[in-house]
Amino acid sequence: MSALTGTGMLLRLAVRRDRVLVPFWAVFTAVIPMGFVSAFNAAAPTAAARQDYVDTSVHNTAFIIAYGPVTGSGLGELVTWRAGFIPVIVALVSILLVIRHTRTEEEAGRVELIGATAVGRHAGLAAALLAVLLANVLAALLSALALMGSGLAASGSFAHALGLLLTGCAFTAIGAICAQLTAGAGAARGIGFAVLGTAFLARGFGAVSRQSGGSLEWLTWLSPIGWGARLRPFAGDLYGAAVPGLLVSALLAAAAFVLAGRRDLGSGLIHARPGRAAAAPALRTPLALAWRLHRGALLSRTAGFAVVGYGLGAVAESITHLLDNSGPGARELMAGLGLQGSLLQQYLDGMMTMFAVVAAAYAIQAALWLRAEESGGRAEPVLATPVGRLRWAWSHFLFALLGPALGLAVFGAALGLAHGVNTGDVAGRVPVMLEAALVQVPAVWVFAGLAFALFAFLPRLAVGAFAVLLLSLFLGWLGAELRLGEWVEALSIFNHVPKPAIEQVSAAPLAVMSALALALIAAGAAGLRGRDIPAG
């Protein structure tokens with residue numbers, strides 16, 4: 001029997017399981033660039049207006065970090081540049097899907113059952129890679145057809161689609177490698193997210209260096225998120241630039257198979273350190289146990305917030321001198337695209353919003369630790385003791401509230417410190433940036449409460465909190481630019497967060513968001529009281 005025997009059968013199973021998620025995601029990646037075509041045609045209908053937009057945006061560090069380098073002022077170039085966040089979503093979904101079909105299945109014990117039949121050793125991994133590859137092909141194809149349907153050239157449309165496919169292939173292989181490293185799906189996802197975050201920052205700082213004439217442009221070559229820009233869609237359509245990325249992705253996939261053959265089923269290459277025979281006195285409470293489980297993620301994420309915050313603050317000073325050199329056309333175009341304030345204010349507001357989303361994702365992940373403990377069978381032994389279910393739940397959920405708040409506080413303080421050092425006003429910038437970071441906390445807590453409520457009432461759909469977060473990010477960041485309407489933009493909770501860098505802070509929206517978070521938490525507590533543990 002071959003090591004790949006049964007791959008086709010498992011591939012059909014994986015495709016069937018993804019029959020709802022994948023089409024939704026593929027359509028999303030196709031529709032967004034179509035919206036940008038309409039937005040630019042309305043806000044910048046002439047070549048001169050688009051050039052004004054480029055002249056302003058090329059110096060906007062927040063834009064460059066979020067979307068990559070600006071390649072030109074043509075309609076197709078601007079559309080694909082502003083869609084530069086889509087590769088991040090493609091990478092994220094690819095990691096989640098491949099881990100879902102490999103490590104999650106193995107952790108749940110279903111791989112062992114399937115392996116008892118006439119299925120080869122690597123059939124599951126091969127089927128997962130093929131399933132996610134097909135999903136990426138579908139998303140890329142729909143993106144190309146959508147751009148062509150919007151009136152853009154076919155060559156550039158397919159170059160953009162090939163860039164998305166490159167990113168998807170690379171992170172599919174990276175996710176497969178992560179699935180071999182640990183014995184738990186949560187840890188595998190954490191490693192994958194860390195790689196994705198590093199790749200995002202590498203593309204961002206490499207692009208900023210390129211725009212400013214620095215020497216760090218080579219970082220974009222190391223980031224699969226930046227490979228698509230190397231194809232220069234609508235500005236040369238360099239299809240040959242895809243070859244190195246495809247080769248690297250193939251090598252990473254091959255490495256995943258090699259690593260899979262060097263570990264036992266149900267284990268990972270990174271072995272957990274054996275624990276003590278008897279628990280220390282400090283581990284005799286549910287909160288102490290939760291601290292032991294969450295401390296690694298809490299400390300590493302807090303350190304990451306500090307390092308990234310300081311780095312982003314260090315480049316903020318370069319923004320302050322740019323807008324004064326922009327003409328009135330650029331200012332009017334920025335207002336038409338929903339951008340407020342100076343370039344520095346936009347930058348600070350954009351970075352705070354971006355890391356509020358990161359903090360919200362951390363909050364959701366920490367809240368869903370409860371689901372992992374329940375589905376992994378580790379909650380029942382704890383609840384078999386005199387520990388009540390709400391006490392057990394609160395011990396974990398506390399980290400979903402305090403962890404992101406601590407991370408945002410450290411991020412704001414570090415950004416303010418670096419910016420203050422550059423401007424000679426540390427005492428003035430640190431409090432302002434700390435305030436700008438902390439006003440994001442109630443919005444983050446809303447997502448933590450949502451995850452907790454879903455865990456209590458619909459545990460199998462609790463991961464849907466991530467989908468709500470992505471939708472809120474989309475509506476908040478791009479709603480004005482795509483002219484979706486004020487009531488649609490209002491659906492994003494991030495649109496209600498005060499912006500200290502641009503406007504005076506009002507306590508009313510913070511109070512409303514805090515009340516909403518509290519209501520979701522209370523509803524989750526009530527729901528948890530009335531359901532079985534474990535629940536399917």
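Computed from a predicted model, the values in this text were never measured in an experiment.
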**Request:** Kindly state whether the ring of F494 and the ring of F447 have centres lying under 6.0 angstrom apart.
**Result:** yes
**Asked** When you measure from the side chain of S514 to the backbone N and O of L510, does any donor-acceptor pair fall under 3.5 Å?
**Response** yes
**Complete:** Nearest heavy-atom contact between S94 and N136 is OG-ND2, 3.2 Å
**Prompt:** Between R531 (side chain) and A456 (backbone), is there a donor-acceptor pair under 3.5 Å?
**Reply:** yes
**Prompt:** Roughly how far, to the nearest 0.5 Å, is CG of L454 from CG of L368?
**Reply:** 8.5 Å
**Item:** Heavy-atom closest contact (A91 atom, L196 atom, distance)
**Value:** CB-CD1, 3.6 Å
**Prompt:** Which heavy atom in M433 sits nearest to a heavy atom in G412, and how many Å separate them?
**Reply:** CB-O, 3.2 Å
**Item:** W227 vs V248 side-chain heavy atoms within contact, under 4.5 Å
**Value:** yes
**Message:** Here's one to test your reading of the geometry: is the NZ or CZ of R295 within 45 degrees of the ring axis of F399 and under 6.0 Å from its centre?
**Reply:** no
**Message:** Is it true that T220 and R230 share a donor-acceptor pair across their side chains at a distance under 3.5 Å?
**Reply:** yes
**Request:** Give, for atom CD of E373 and atom CG of L383, the distance between the pair rounded to the nearest 0.5 Å.
**Result:** 10.5 Å
**Asked** Do other residues, nucleotides or ligands put more than 12 heavy atoms under 6.0 Å from R529 CZ?
**Response** no
**Asked** Heavy-atom distance under 4.5 Å between the side chains of F171 and I225, does that happen here?
**Response** yes
**Request:** Considering non-hydrogen atoms only, spot the tightest contact between A199 and P224 and give its length.
**Result:** CB-CD, 4.1 Å
**Complete:** When rounded to the nearest 0.5 Å, the distance separating OH of Y310 from CZ of F411 is 14.0 Å
**Request:** Please confirm whether the backbone N or O of T182 pairs with a side-chain atom of R103, one donor and one acceptor, at under 3.5 Å?
**Result:** yes
**Message:** Restricting to non-hydrogen atoms, name the atom on A170 and the atom on L252 that form the minimum distance, rounded to 0.1 Å.
**Reply:** O-CD1, 4.2 Å
**Item:** Pairs involving residues 189-201, ordered by first then second residue, that meet side chain to side chain donor-acceptor pair (under 3.5 Å) (sequence neighbours left out)
**Value:** none
**Item:** Heavy-atom closest pair, residues A173 and A253
**Value:** CB-N, 3.6 Å
**Prompt:** Quick one: does L96's side chain get under 4.5 Å of V463's, heavy atoms only?
**Reply:** no
**Prompt:** H396 vs W392 aromatic rings, parallel, tilted or perpendicular, using cut-offs 30° and 60°?
**Reply:** perpendicular
